[in-house]
2 protein chains.
Amino acid sequence: MRGMALSAFPTPDHDHDRCTADALAHAEALCEARAQRLTPIRRQVLAALLTSHRPLGAYEIIELTGQEGARPAPITIYRALDFLMENGLVHRIESRNAFIACIHNHSTADFVVFLICERCGAVGEVSSGAIGETLSNAARAAGFAPKAPVVEISGICAHCRGA
Amino acid sequence: MRGMALSAFPTPDHDHDRCTADALAHAEALCEARAQRLTPIRRQVLAALLTSHRPLGAYEIIELTGQEGARPAPITIYRALDFLMENGLVHRIESRNAFIACIHNHSTADFVVFLICERCGAVGEVSSGAIGETLSNAARAAGFAPKAPVVEISGICAHCRGA
DNA sequence: AAGTAATTGTTGCAATGCAACAAATCGCCC
DNA sequence: GGGCGATTTGTTGCATTGCAACAATTACTT
Ligand SMILES: [Zn+2]
Ligand SMILES: [Zn+2]
Ligand SMILES: [Zn+2]
Ligand SMILES: [Zn+2]
């Protein structure tokens, strides 16, 4: 499968409940397998991010998680996000200073392109080993030993363009 | 020349005085040609960014520009940065929330890959139409109408690896 | 000189992000 | 079960980012 582009821009009519449930189940299984603790807070933060396919800022997450009275401090959210990112369950969208739940079961090292719709705010992931390799080669050609390329493309998604 | 990778990771031994002078001269000429005003503040901000090839945060720029007594307010810096970015004289490094002067005379629409050295902090630009096209194609394959791709690669530069 | 547009100054604030330390909780071994 | 180190969470506080809104100034045009 390596090198094949795998597109996943969430369509408005997809089964999002299932989408959410799958992602949570995957997180559960992955943490179990790695002997990592998916604590209530971490799960709440992941669940908050899973409510949409838009990247959320720290304060938005605080509002979503702190529904019943006591709202968590920012640092609490950041710590949970750190954990989730280390385990590849959440991505950071650098150009937005925001975070999004990963709904793909790709490895942490996998190269990912984020497609960010300027209209509806939805973010899709396109994973392509070929692009990653091209970028790595370009970096190496400049005498550069690359780590993780960050690729974020702004634009208009198919659904928004159709409407 | 389109499609050919043009590498420009600044080497430690390059003639940086000339590098700076050229960039300022280019900025001058470009603003002249476009009937844009390269005011003292804007020039100071550009000059501050040109003192190194590392991306600088807003506060660092404030410190560098406000040497003689009165230091400009953050908003002043951001406004100057907006102007400089609109004219392609400065780039924003999204993954760092920082800004860097562009030392290439590429067009605003040109696709650019930033190489960010984790050791010395220097940032180089690699411009490649081929990569840009590949990315655009991948985006379009996902039904996405792409605007400006942001590509930032962390790693270790040749000089730091040698040392 | 008057009027308009562009630029800069001033004040204020929301949001990002995390350091440092205290308290609570968990996992494990005896 | 009780003790203990490791992990996680709570609390406080602050540096930084980023910009809105309005006033004052400067520059360009007629
Ligand atoms: Zn979904
Ligand atoms: Zn959209
Ligand atoms: Zn230089
Ligand atoms: Zn370096």
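Convention: sequence-line order gives letters A, B, ...; per-chain numbering from 1. Values in this document were obtained by computation on a predicted structure and should not be read as measured data.
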Exercise. With the sugar-phosphate defined as primed atoms, P, OP1 and OP2, and the base as all remaining atoms, what B/S/- string results for nucleotides 22-30 of chain D, 5' to 3', for protein heavy atoms under 4.0 Å?
Worked result: -----S---

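- Looking at the side chain of B:Ile75, the nearest of the listed nucleotides D:dT17, D:dC19, D:dG10 is D:dC19.
- Ring pair B:Phe99/B:His91: centre-to-centre distance not below 6.0 Å.
- Around atom NE2 of B:His26, more than 12 heavy atoms belonging to other residues, nucleotides or ligands sit under 6.0 Å away.
- A salt bridge is defined here as a Lys NZ or Arg NE, NH1 or NH2 lying under 4.0 Å from an Asp or Glu carboxylate O, and A:Arg92 with A:Glu94 meets this definition.
- Judged by distance alone, the side chain of A:Ser154 and the main-chain N or O of A:Leu115 form no donor-acceptor pair under 3.5 Å.
- Taking a 4.0 Å limit (strictly below) on heavy-atom distances, residues 82-98 of chain B reaches DNA chain D at B:Arg92, B:Asn97.
- Between A:Arg42 atom CZ and D:dT7 atom P the separation is 11 Å, expressed in whole Å.
- When each of B:Arg37, B:Gln36, B:Arg79 is checked for a side chain to side chain contact (heavy atoms under 4.5 Å, CB included) with B:Arg42, only B:Arg37 meets the rule.
- B:Leu49 contributes atom CG, which lies 9.5 Å from atom OG1 of B:Thr65 (distance to the nearest 0.5 angstrom).
- At D:dG18, one or more side-chain N or O atoms of B:Tyr78 fall inside 4.0 Å of OP1 or OP2 (strictly under the cut-off).
- Put simply, CD1 on B:Ile77 is 14 Å from P on D:dT16, counting in whole angstrom units.
- Between A:Tyr59 atom OH and D:dT16 atom P there is a gap of 17 Å when expressed in whole angstrom units.
- Formation of a donor-acceptor pair under 3.5 Å by the B:Thr76 side chain with backbone atoms of B:Pro72 is not found in this model.
- Residues B:Glu152 and B:Ser95 bring a donor and an acceptor atom of their side chains to less than 3.5 Å of each other.
- With no hydrogens or angles considered, a side-chain donor-acceptor pair links B:His14 and B:His53 at under 3.5 Å.
- With a cutoff of under 4.0 Å to any heavy atom of chain A, the contacted region of DNA chain C is bounded 5' to 3' by C:dA15 to C:dC26.
- Residue B:Thr39 is the one, among B:Thr39 and A:Ala58, whose nearest nucleotide of DNA chain C lies closer to the 5' end (criterion: closest heavy atom).
- No donor-acceptor distance shorter than 3.5 angstrom exists from the side chain of A:Arg119 to the backbone of A:Cys157, with no hydrogens or angles considered.
- Panel note: side chain B:Asn97, backbone B:Ile93; no donor-acceptor pair is recorded below 3.5 Å.
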